[in-house]
Amino acid sequence: MLSPKKLKYRKKQKGRNKGKALRGSTLEFGDYGLQALDRGFISSQQIESARIAINRHVKRGGKLWIRIFPDKPFTKKPAEVRMGKGKGSTEGWVAVIKPGRVLYEIEGVDEITAAEAFRLAGHKLPFSTRFVKRRS
């Protein structure tokens with residue numbers, strides 16, 4: 001799974017996820033991409049399962065770029081613990097996603113294969129996505 005090597009602080013606050021994606025909203029590397037339409041958190045496990053779904057469909061043909069990285073820790077308190085007594089321990093890592101963010105890019109495959117691969121990957125993600133292609 002993806003996770004950062006080093007952090008300044010062990011635990012982060014949840015924060016607010018407002019607005020549209022300013023950076024990472026256009027295709028930079030590949031010919032086709034998968035773009036988020038909603039906002040939310042995506043865990044490192046979800047990033048990995050979508051990557052596997054894409055690679056299985058294209059049969060490792062073409063090049064895939066993952067444009068997001070889970071650099072925010074999320075914490076959880078154990079089950080049946082009373083309120084208070086501080087923040088829970090780090091449970092995993094998430095990436096903060098805003099609408100318009102390109103999640104994955106691919107090149108070296110035809111449009112039909114790329115669209116189907118991204119459709120399969122979109123089912124693994126916790127928000128709606130759309131298929132985008134480069135303007136020629």
Side-chain angles (χ1 to χ4, degrees):
M1 301 297 145
L2 295 169
S3 66
K5 289 188 179 84
K6 201 173 160 189
L7 282 178
K8 189 166 183 182
Y9 298 109
R10 224 164 30 99
K11 298 173 182 176
K12 278 189 180 173
Q13 292 185 338
K14 194 175 289 180
R16 291 289 168 261
N17 192 359
K18 289 170 48 175
K20 292 186 199 137
L22 298 174
R23 295 182 192 89
S25 58
T26 59
L27 292 175
E28 298 293 331
F29 304 106
D31 299 325
Y32 308 107
L34 185 68
Q35 189 177 44
L37 295 177
D38 298 329
R39 66 187 76 250
F41 293 144
I42 179 170
S43 70
S44 57
Q45 289 91 346
Q46 290 166 334
I47 294 170
E48 183 67 11
S49 67
R51 182 194 68 82
I52 290 168
I54 293 166
N55 280 339
R56 278 210 182 118
H57 187 73
V58 299
K59 297 182 177 65
R60 292 199 318 228
K63 172 114 176 76
L64 178 72
W65 287 270
I66 302 172
R67 296 279 310 273
I68 50 176
F69 187 79
D71 57 353
K72 186 186 191 85
F74 74 90
T75 60
K76 227 178 198 176
K77 296 188 81 147
E80 299 179 11
V81 172
R82 293 187 178 182
M83 300 293 281
K85 306 281 189 289
K87 198 169 168 78
S89 57
T90 300
E91 198 69 21
W93 300 91
V94 295
V96 179
I97 304 299
K98 291 185 175 184
R101 179 74 194 218
V102 174
L103 310 172
Y104 298 93
E105 290 186 35
I106 197 167
E107 76 170 6
V109 294
D110 59 297
E111 185 177 343
I112 296 156
T113 307
E116 179 61 18
F118 285 144
R119 187 190 69 80
L120 294 169
H123 288 302
K124 310 282 184 195
L125 303 177
F127 39 73
S128 58
T129 57
R130 74 174 178 183
F131 176 73
V132 290
K133 56 187 174 181
R134 188 180 292 280
R135 301 265 189 262
S136 53

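Summarising the geometry of Glu107 relative to Gly30, their closest heavy-atom pair is CB-CA, 3.9 Å, with the distance given to 0.1 Å. The two residues Pro70 and Ser44 come nearest to each other via the heavy atoms CG-CB, 3.8 Å. Closest of all the heavy-atom pairs between Gly61 and Val109 is O-CG1, 3.3 Å. When all heavy atoms of Leu7 and Pro73 are compared, the closest pair comes out as CD1-CG, 4.5 Å. Among all heavy-atom pairs drawn from Gly108 and Asp31, the shortest one is N-OD2, 4.3 Å. Nearest approach of Asn17 to Gly40, heavy atoms of both residues: ND2-N, 3.5 Å.
The closest donor-acceptor contact from the side chain of Tyr32 to the backbone of Ile112 lies at 3.5 Å or more, if one exists at all. When atom types are taken as modelled, the side chain of Glu116 and the backbone of His57 share no donor-acceptor pair closer than 3.5 angstrom.
The stretch residues 58-91 participates, sequence neighbours left out, in these ring pair (Phe, Tyr, Trp, His ring centres under 6.0 Å) pairs: Phe29-Trp65.
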Distance-only donor-acceptor hits, side chain of residues 84-100, under 3.5 Å, sequence neighbours excluded:
unit_1, atom_1, unit_2, atom_2, d
Lys87, NZ, Lys12, O, 3.4
Lys98, NZ, Lys18, O, 3.0

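Tracing side-chain contacts under 4.5 Å through hydrophobic residues (I, L, V, M, F, W, Y), one never reaches Ile68 starting from Leu120; they form parts of separate clusters.
Through direct or relayed side-chain contacts under 4.5 Å between Ile, Leu, Val, Met, Phe, Trp and Tyr, Val102 connects to Leu27, Val132. Cluster partners of Tyr9, using a side-chain heavy-atom cutoff of under 4.5 Å among ILVMFWY residues and allowing indirect links: none.
Side chains of Leu37 and Phe127 form no contact here, defined as non-hydrogen atoms less than 4.5 Å apart. Using a 4.5 Å cut-off on side-chain heavy atoms (C-beta onward), Tyr104 and Thr129 make no contact. No side-chain heavy atom of Lys20 sits under 4.5 Å from any side-chain heavy atom of Ser25.
Interatomic distance, OG1 of Thr26 versus CD of Gln35, reported as 9.0 Å (0.5 Å rounding). The line from CD of Gln45 to CG of Leu2 is 10.0 Å long, rounded to the nearest 0.5 Å. Taken from CZ in Arg135 to NZ in Lys133, the straight-line distance is 8.5 Å, to the nearest 0.5 Å.
Not counting sequence neighbours, Arg39 has no partner by the salt bridge (Lys or Arg N to Asp or Glu O under 4.0 Å) test. Under the rule for a ring-ring contact (aromatic ring centres under 6.0 Å, His included), Phe41 has no partner lying at least two apart in sequence or in another chain.
With Glu105 as the partner, the salt bridge (charged side-chain N to carboxylate O under 4.0 Å, His left out) test is satisfied by one option alone out of Arg67, Lys63, Arg51: Arg67.
A 6.0 Å sphere centred on NZ of Lys77 holds more than 12 heavy atoms belonging to other residues, nucleotides or ligands.
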- Message: Walk me through whether Leu34 and Leu125 qualify under side-chain contact (heavy atoms from CB on, under 4.5 Å).
- Response: CA-CA 11 Å; Leu34 185 68; Leu125 303 177; 3.9 Å; yes
